[in-house]
There are 2 protein chains.
Amino acid sequence: MHSVRATPGEGPLFAQVQALIIQRMVDGIWTPGERLPSEFALAEEFNVSQGTVRKAFDALVHENLLIRHQGRGTFIAAHSAKRELYRFFHLVSKDGVTPPPQTSRLISFERRKCSAEESRRLKISKSAHVVNIQRVRSMNKAPVIIENIVVPDALITGLGEDNEIPNELYQLYEQSYGVTIHKAIEHLHARATTRSEACHLSLIEGAPLLEIDRLAFTLDGTPVEWRVSRCDTSAHSYLSELF
Amino acid sequence: MHSVRATPGEGPLFAQVQALIIQRMVDGIWTPGERLPSEFALAEEFNVSQGTVRKAFDALVHENLLIRHQGRGTFIAAHSAKRELYRFFHLVSKDGVTPPPQTSRLISFERRKCSAEESRRLKISKSAHVVNIQRVRSMNKAPVIIENIVVPDALITGLGEDNEIPNELYQLYEQSYGVTIHKAIEHLHARATTRSEACHLSLIEGAPLLEIDRLAFTLDGTPVEWRVSRCDTSAHSYLSELF
DNA sequence: TCCTAATATTCTTATATAAGAGTTATATGA
DNA sequence: TCATATAACTCTTATATAAGAATATTAGGA
């Protein structure tokens, strides 16, 4: 009963089904929060067995792209504040309880032409414009993080200084601009606090800061956010679990 | 055809099969590198279907506990140098190519009574003895990491200063002492270089260092190694991929 | 004794069916 | 109109069988 495929491809059938589902997500046919047709319905559409669709679904769940609910259905994963923090925020307090950043204070917001480095990192044209947000995030009422965020202007057209900018930006990108962050790569370094950072974080110039240099990508592999966070780790730590 | 279980338990059959397999690993019945009975053989032994064993195997593969080879069989995962570095060593060079630490120079090696903090971290008796290794690890011929490693003496009895201590300790623990590291939890901080560290790492006292505070566990959840590494991140970074 | 072909083993992919468990929708009666 | 019971939908678990692909073993011939 091997199927005729919508897009001829190679590899096992379950991988082709997987690719087709991802393609519909990338094309915006299925959007975050939307419920998918049932396994049986898709099996019929793709002319494969229900078990084959099951295997494709399982793989996509594992990649945080789908969420399954027994009795309800299968949904395109959407960012919620809680889920965003769990996946993309690894700073924890010493006592092991992770309070989400409670507040963030905007330092600056500007739209401008990108720099050469921003062009390179975000793979945009040298003449493209970006939105540049700088903010301080506090935990337990103390400033802990100062971060610089750069996003191509074309992706979040309309976001202005007047908008309330939430702590959890990925939910905002997704809900208001249809940009869904799927994965991020972070490089961590120990750096010395600059005078400006010292001022914002109530630290002594030269004190050690943990720098998190992050590139965030959408599902099709496009880098859409470059974020550099500098964190005071005297009362917090960056948690990494290795398996 | 639901089975009678070797150890009565709750939950789905595949989870019980999984638990049984893990128990045999913890008990040392199956050891790293060993090939397991086939899916069909275990299905017969546990009186479940081959698909149920398949599902348990798949979960264990996902947890890095088993390795499958088409046509050859299923094996208890074993540490190799390469695999150990990939899982438990996230320091990468700026150019993105990860050279493994080429050399490590032993600074000190001692067997002694544990400190209160070591007792707490490693969950051992206050009167227990530990092996304490301090070493400098170099990458591209430059010292990059100074680390302090503490392991309960009872687990690696016989390891002495005279032994050649390899870069990849987990392979040594596993092959020579039957101690298999399954998972590690790391907390990262930015710290200032002490005078002693500065000397070993060719840095200026006070320069920022990335501190990796790691607790490593065996399969049954026992902490067996406390390792604190302080890394010079001027030419390297700690890589973290978030999904 | 060595090489090659055949056979056996085992994982991987794929199909099919069915019951359990959770959720949602619909119908019926008050 | 609202509440409750029933039916339908959908995921989850479990069974079964078979062919494809990769690897290992064995047998036979040179």
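Just so we're on the same page: letters track the sequence lines, and every chain starts at 1.
Going from atom CD of B:Q50 over to atom C1' of D:dT15 covers 11 Å, rounded to whole Å. Rounded to whole angstrom, the span from the CG atom of B:L42 across to the P atom of C:dC11 amounts to 9 Å. One can place CG of B:L13 at 14 Å from P of C:dG20, the figure rounded to the nearest angstrom. Taking atom CD on A:Q18 and atom P on C:dA14, their separation rounds to 11 Å, with Å as the unit. The nearest whole Å value for the distance from the CZ atom in B:R54 to the P atom in D:dA18 is 16 Å. Remark: P of D:dT13 and CD of B:Q16 are 12 Å apart, rounded to the nearest angstrom. At whole-Å resolution of the value, CD in B:E39 and C1' in D:dT15 are 14 Å apart. Following rounding to the nearest Å, B:E44 (CD) and C:dT9 (P) show an atom-to-atom distance of 13 Å.
Under 4.0 angstrom from either OP1 or OP2 of D:dA14 there lies no side-chain N or O belonging to B:K55.
A donor-acceptor pair under 3.5 Å links the side-chain atoms of B:N64 to the main chain of A:F243, judged by distance alone.
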Between the protein and nucleotides 4-8 of chain D, which nitrogen or oxygen pairs come in under 3.5 angstrom?
none

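Scanning all heavy atoms of the two residues, the minimum distance from B:H189 to A:K94 falls at NE2-CE, 4.3 Å.
Side chains of B:N167 and B:R137: a donor-acceptor N/O pair is present below 3.5 angstrom, by distance only.
Taking only side-chain atoms of B:P12, from C-beta outward, the nucleotide of D:dT15, D:dT13, C:dT15 with the closest atom is D:dT13. Listed nucleotides: D:dT13, D:dT17, C:dA16. Nearest to the side chain of A:S49: C:dA16.
Ion pairing between A:R121 and A:D213 holds under the 4.0 Å rule for side-chain N and carboxylate O. Ion pair A:E39/A:R68 flagged as a salt bridge, since at least one NZ, NE, NH1 or NH2 atom sits closer than 4.0 Å to an Asp/Glu carboxylate oxygen. Taking 4.0 Å as the cut-off between side-chain N and carboxylate O, A:R24 and A:E45 count as a salt-bridged pair.
Residues passing the salt bridge (Lys or Arg N to Asp or Glu O under 4.0 Å) test with A:E84: none are found, sequence neighbours excluded.
Here the options are B:L155, B:V224, B:L159, the test is side chain to side chain contact (heavy atoms under 4.5 Å, CB included), and the partner is B:Y177; only B:L159 passes.
At the heavy-atom level, B:F40 lies nowhere under 4.0 Å from the strands shown.
Mapped onto DNA chain C by nearest heavy atom, A:G51 and A:R35 fall at different nucleotides, with A:G51 at the one closer to the 5' end.
Side-chain rings of A:H187 and B:Y238 stay apart, their centers remaining 6.0 Å or farther from each other.
Annotation: proximity of residues 63-80 of chain A to DNA chain C (heavy atom, distance under 4.0 Å) is found for A:Q70, A:G71, A:R72, numbered in ascending order.
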